[in-house]
Amino acid sequence: MIEKPRGTRDFLPEETSRRRAVEKKMRDTAERWGYAEIKTPTFEHLELFTLKSGEGIINEIYAFEDKGGRMLALRPEITAPVIRVYIHEMQNRQKPLRLYYFDNCFRYERPQKGRFREFWQFGVELIGGRRDLASFEMIALSVDILRAIGLDDFDLHLGDIFLLKRSITRGNSGLDEEKQRKIFRLIDKKDYNTLNTFLKDEKINGEDLFALLDLKDLSDLGDIEKIFDPDEKDEIEDIQRVLDLLSTYDIHPRLDFSIARGLDYYNGIVFEIYSHGLGAQKQICGGGEYELIELFGGKPESTRGFALGFDRIMEIVKESERDEKKILVVATEECRKDAITLSKELRKRFVVETDLMGRNLKAQLAYANSVGINFAVIVGRKEIEDNRFTLKNLASGEQVYLTLDELIETLGKD
RNA sequence: GCCGAGGUGGGGUAAUGGCCAUCCUGAAGGACUGUGGAUCCUUCGAUCCGGGUUCAAUUCCCGGCCUUGGCCCCA
């Protein structure tokens with residue numbers, strides 16, 4: 001027996017149906033905000049991803065050489081491909097550009113709860129837009145999507161990488177990139193003890209940084225101004241405006257300047273959403289403002305986006321299987337052809353099955369019952385002679401004797 | 001990459017160094033050739049893979065694969 005590869009999953013019809021239902025709600029919500037779907041290739045040049053995230057990530061990428069000697073990679077994420085497309089084909093479009101995607105991604109990692117080697121991301125990229133308005137829209141849309149699929153129990157954290165960076169560069173001129181990166185990593189891990197020791201050893205002034213990390217609530221906003229006064233007035237006002245706009249959607253993020261999001265190209269407002277009950281992998285959404293376009297050689301443009309971890313969301317989202325009315329046309333042996341003719345008619349409007357097993361009437365009904373068919377339409381000699389059909393409601397057991405038109409009308413109700 | 005737990009029919013399980021590997025469920029058929037869910041009967045179907053120990057391994061040992069909880073990482 002050949003097994004499926006490590007970290008991949010098969011989705012049986014029931015689960016696939018659940019996933020589709022949730023996917024559809026996400027798409028509908030994004031589209032209602034004016035976002036249009038974009039599709040990019042499943043594999044790309046490896047360089048696209050190393051350029052964005054550094055050589056170090058090759059270990060966690062499904063990378064391979066093709067027969068022409070090209071280094072390729074199964075996409076580990078979709079932001080970089082979207083930005084690539086933007087630079088090649090959409091730079092001259094009118095802004096803002098509202099794009100969304102839903103596709104599978106691949107990472108060569110140790111699978112665990114909520115983490116697979118093939119996984120799905122629903123994401124959005126917003127290119128252009130004034131910083132405060134655009135950041136508001138990103139956060140509001142991500143929350144709107146989660147609410148649309150019935151999720152309410154999550155924590156939204158809002159941070160600002162620009163202020164975070166400034167808090168350590170302001171009082172420490174000439175701080176090299178490597179140290180800065182190490183500081184960021186410790187912040188992201190919330191390992192403040194090690195951070196404190198490191199700063200002392202390196203004689204780095206961490207006063208502003210720790211003051212910033214201490215801030216938790218909206219009411220602390222005034223304190224930010226004290227820390228940076230008056231240098232970063234614009235950025236602080238942006239945060240204030242974003243929070244104010246978010247209140248129209250009844251969204252009240254927690255300030256959390258420990259969001260470092262690891263990477264250099266983030267700058268400005270960032271956010272993460274965490275859910276409960278997912279063990280170590282509790283983050284279901286991450287996003288913010290980033291500067292990738294220049295890195296890829298395009299004209300600078302304000303950009304931001306977010307990605308939702310679809311598989312993690314499916315672990316916590318409540319059942320939402322849609323229930324379409326299903327019909328089995330049940331026939332006696334001599335009337336099978338008539339049953340098929342009737343099915344052809346009914347399929348114009350309904351989900352209709354016919355017996356393929358050569359079962360007798362009783363067994364056909366037993367089958368219908370066990371697979372959750374809602375209605376049986378019985379076709380036998382009597383029906384053909386009368387030019388009528390027997391409609392049986394399998395839930396109630398009620399039976400009625402109807403003409404074709406009446407049958408369609410009855411089935412079409414509710 | 002590291003630490004821990006685990007792997008028996010399609011799903012859920014029991015047991016065992018040797019005898020037809022247990023039970024539930026499921027599926028197919030029948031009792032019942034124009035009416036489902038109940039009951040009874042028949043049938044189908046499993047010890048993850050490889051090596052070792054042994055007269056004999058599903059059982060004990062080693063390795064691999066996969067799953068799972070966590071660490072690292074997390075674009």
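Side chains are part of it too, since the values below use all heavy atoms of this structure and drop only hydrogens, waters and symmetry mates. Here is how names work: the chains are called A, B, and so on, in the same order as the sequence lines, proteins then strands, and each is numbered from 1.
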To the nearest 0.5 angstrom, please state how far the CG atom of A:L151 sits from the SG atom of A:C285.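 One gets 11.5 Å once the value is rounded to the nearest 0.5 Å.
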Taking the side chain of [X] as its heavy atoms from C-beta onward, which of [options] lies nearest to it?
X      : options             : answer
A:E77  : B:C73, B:A75, B:G36 : B:A75
A:Y265 : B:A75, B:G34, B:G36 : B:A75
A:R107 : B:A75, B:U35, B:G36 : B:A75
A:I61  : B:A28, B:C66, B:A75 : B:A75
A:I57  : B:C71, B:A75, B:G29 : B:A75

Below 3.5 Å, does any donor atom in the side chain of [X] face an acceptor in the base of [N], or the other way round?
X      : N     : result
A:R359 : B:G30 : no
A:K362 : B:U35 : no
A:R115 : B:C73 : yes
A:E333 : B:G34 : no

Atom-pair distance ([atom1] on [X]; [atom2] on [N]), nearest Å:
X      : N     : atom1 : atom2 : result
A:N59  : B:C72 : CG    : P     : 18 Å
A:R9   : B:U68 : CZ    : P     : 9 Å
A:I384 : B:G34 : CD1   : P     : 15 Å
A:L365 : B:A38 : CG    : C1'   : 16 Å
A:Q112 : B:U68 : CD    : P     : 10 Å

Give one of base, sugar-phosphate or nothing for [X], where a contact means two heavy atoms less than 4.0 Å apart.
X      : value
A:Q364 : nothing
A:Q399 : base
A:E334 : nothing
A:G286 : nothing
A:A366 : sugar-phosphate

Can you tell me if the side-chain N/O atoms of A:R110 get under 4.0 Å from OP1 or OP2 in B:C2?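 Answer is no, no contact under 4.0 Å.
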Would you tell me if any nitrogen or oxygen in the side chain of A:K189 comes within less than 4.0 Å of OP1 or OP2 on B:C73? yes
Taking the six-membered ring where the residue is Trp, are the ring centres of A:W33 and A:Y249 under 6.0 Å apart?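 Distance test on ring centres: under 6.0 Å, yes.
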Can you check whether A:F102 and A:F310 have ring centres sitting under 6.0 Å from each other?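 Yes, close enough.
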Testing the 3.5 Å rule here: is there a donor-acceptor pair between the side chains of A:T79 and A:E125?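 Yes, because at least one side-chain N or O of A:T79 sits under 3.5 Å from a partner of the opposite role on A:E125.
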Does the distance from a Lys or Arg side-chain N to an Asp or Glu carboxylate O, for A:R170 and A:D208, drop under 4.0 Å? yes
